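First the structure, in the form of structure tokens, and then the observations on it.
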Amino acid sequence: MGIPHFLAIPYPILGHMNPLLQFSQVLAKYGCKITFLSSDENYNRLKAASAGQGKLMESQIKLVSLPDGVDPQDDRSDQTKVILSTITTMRAKLPKLIQDINAVDSDNKVTCIIVTKNMGWALEVGHELGIKGALFWPASATSLASFNSMQRLIDEGIIDSENGLPRKQEIQLSSNLPMMEAAAMPWYCLDNSFFFQHMMQEMQNLNLGEWWLCNTTFDLEAGAFSTSPKLLPIGPLMMACDHNISSFLQEDRTCLEWLDLQPPQSVIYVSFGSMVSMKPNQFKELALGLDLLGKPFLWVVRTDNGKEVNNAYPDEFKGSQGKVVSWAPQKKILSHPALACFISHCGWNSTIEGVYNGVPFLCWPFCSDQLMNKAYICDVWKVGLGFDKAENGLISRGEIKKKVEQLLEDEEIKGRSLKLMEMVIKNKAEGDANLNKFINWAKE
């Protein structure tokens, strides 16, 4: 019974790397050995990000890299290209890398491979080499249950076998999960038969993993756990890391001092994560909607290489009540007493961080699992409101003002948000017990 040695392999985007890196830090605190494999491109950024924070580089987590085959001039936001390139390029090189890792410390060979979504091929490689495997799923357990139900939904004639498009308006994944609009299924909004077919194959690979670890709690989405014995809630993984060295984007920490100057429960926090970009006319409505509110707001507008991802602010935008930053220390913001509510794209990391801090939501989902998370926030947990689009497909400045004001006046939603927070914090003990169970399994 030595210490387990995990080889962690995230899909090379921030929303997968950050959570898996945080989880690796948790495993390291439990005394496990971690080798963290990233793409060459991300390796250099990780090295740079961790240079200022020696914590990561303590003996427990070793960074290694392989090329992902995406050319520097290629568009990395083209997920189809990145998925295919990663599979062909990294897969061929992984067995040799594992051999090299094991040669360095033959008493501490790799005992288990942990992957995120789109990296299931690595579980196949591990399977061939006799190495245990597990999936770390950076989204909700319900979204994983939905991907795992695709074949059954096809067999029952509920979705199309080519592209996953629904033949019914509503889908219920199992008798104890809520009815959801078909459009909330995470493969649906990509409207992309490549992604659907890829996930059909991916689920076969992911089934080679013995455990499917989710950063969630049993009580948050109890119905999902009856769909597979592999699902193991190990969340909320909040407290585990005090610092998030894994954020490649430079955090603007001046917003914390600014928050300190604001009255309690007064600030509207707006952030759409690391992937989403907004169309210029929608960006304009959001800017003017925030102005109309006349309340303090903290708005994250990402810049890529110094350029605004979004378009120019409208001329009439004053922004005098607010603060705009290009990236922010979100966990600290969500736990700040000045915060009133969170306008969010409902990515799972943002969802669980908001819930953990008892913050009410205004839901603005774009794609993948975000629509499903919105259904939980608004319909199941009832801790937020959604926006309605106008006939032109935009969420208008008036709608933004109306819904924010409605939310801020709703004492019942605030009350439920605090109750949900208490429940999730209580669930932490169970998450920790499951984590111990997983680590002991990896030792065997």
Side-chain angles (χ1 to χ4, degrees), residues 4-21 23-24 33-47 61-106 108-138 147 187 190 192-213 246 248 442:
H5 181 177
F6 293 103
L7 175 58
I9 312 180
Y11 181 60
I13 58 173
L14 209 59
H16 287 215
M17 294 185 65
N18 255 347
L20 187 57
L21 197 43
F23 182 52
S24 298
K33 185 177 171 181
I34 317 289
T35 302
F36 193 89
L37 170 61
S38 68
S39 60
D40 288 346
E41 190 215 23
N42 285 324
Y43 175 79
N44 297 324
R45 296 164 83 182
L46 266 175
K47 271 279 200 239
I61 297 182
K62 182 174 185 301
L63 297 176
V64 295
S65 74
L66 286 173
D68 62 10
V70 182
D71 286 331
Q73 63 273 23
D74 280 343
D75 177 9
R76 280 194 172 269
S77 63
D78 179 349
Q79 295 300 303
T80 305
K81 181 175 282 177
V82 177
I83 288 171
L84 290 172
S85 175
T86 306
I87 292 173
T88 49
T89 313
M90 280 191 163
R91 187 191 175 112
K93 296 183 180 329
L94 185 60
K96 168 85 167 71
L97 180 77
I98 292 173
Q99 210 178 340
D100 294 347
I101 293 168
N102 288 341
V104 174
D105 185 356
S106 54
N108 253 335
K109 291 185 173 166
V110 173
T111 46
C112 178
I113 294 174
I114 305 181
V115 300
T116 67
K117 186 179 91 175
N118 300 329
M119 305 306 263
W121 54 267
L123 294 182
E124 223 179 356
V125 171
H127 195 67
E128 287 157 14
L129 299 173
I131 301 171
K132 290 178 173 179
L135 165 67
F136 178 78
W137 185 256
F147 284 118
W187 60 85
L190 293 160
N192 174 335
S193 56
F194 161 77
F195 181 71
F196 179 72
Q197 294 297 337
H198 158 68
M199 283 310 298
M200 290 283 289
Q201 176 58 50
E202 181 69 356
M203 287 316 302
Q204 290 179 18
N205 290 339
L206 294 179
N207 267 296
L208 295 170
E210 194 130 347
W211 292 110
W212 290 348
L213 309 168
S246 42
F248 300 141

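Everything numeric here is computed off the predicted structure, so don't read it as measured data.
The side-chain hydrogen bond (donor to acceptor under 3.5 Å, both in side chains) test with Tyr11 is passed by exactly one of His16, Gln79, Lys117: Gln79. Test Thr35, Ile34, Ile114, Ile131 against Leu7 for side-chain contact (heavy atoms from CB on, under 4.5 Å) and you get one pass: Thr35.
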*In sequence, state the C-alpha distance, the side-chain angles, and the governing distance for Leu21 and Leu46, and then conclude on side-chain contact (heavy atoms from CB on, under 4.5 Å).*
CA-CA 10 Å; Leu21 197 43; Leu46 266 175; 3.4 Å; yes
_Pair Ile9, Leu94 - check side-chain contact (heavy atoms from CB on, under 4.5 Å), show working._
CA-CA 10 Å; Ile9 312 180; Leu94 185 60; 4.1 Å; yes
*Dump the intermediate steps for side-chain hydrogen bond (donor to acceptor under 3.5 Å, both in side chains) on Asn205 and His127, then the final yes or no.*
CA-CA 10 Å; Asn205 290 339; His127 195 67; over 6 Å; no
*What's the verdict on side-chain contact (heavy atoms from CB on, under 4.5 Å) for Leu97 and Leu37, showing C-alpha distance, side-chain angles and the deciding distance?*
CA-CA 10 Å; Leu97 180 77; Leu37 170 61; 3.8 Å; yes
*Would Ser65 and Asp40 count as a side-chain hydrogen bond (donor to acceptor under 3.5 Å, both in side chains) if you check the C-alpha gap in whole Å, the side-chain angles of each, and the deciding distance to 0.1 Å?*
CA-CA 5 Å; Ser65 74; Asp40 288 346; 2.7 Å; yes
*Any chance you could lay out the side-chain contact (heavy atoms from CB on, under 4.5 Å) test for Lys62 and Ile101, step after step, and finish with the verdict?*
CA-CA 10 Å; Lys62 182 174 185 301; Ile101 293 168; over 6 Å; no
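Contact of the Ile113 side chain with the Ile98 side chain is registered, since non-hydrogen atoms from C-beta on lie closer than 4.5 Å. Using a 4.5 Å heavy-atom cutoff, the side chains of Phe36 and Pro10 are in contact.
Under the 3.5 Å distance criterion, the side-chain polar atoms of Trp212 are matched with a main-chain donor or acceptor of Leu206. Distance alone, capped at 3.5 Å, is enough to place a donor-acceptor pair between the Ser85 side chain and the Gly69 backbone.
Ring pair Phe195/His198 is tilted by interplanar angle, where 30° to 60° counts as tilted.
If you look at Trp137 and Phe147, their ring centroids are closer than 6.0 Å.
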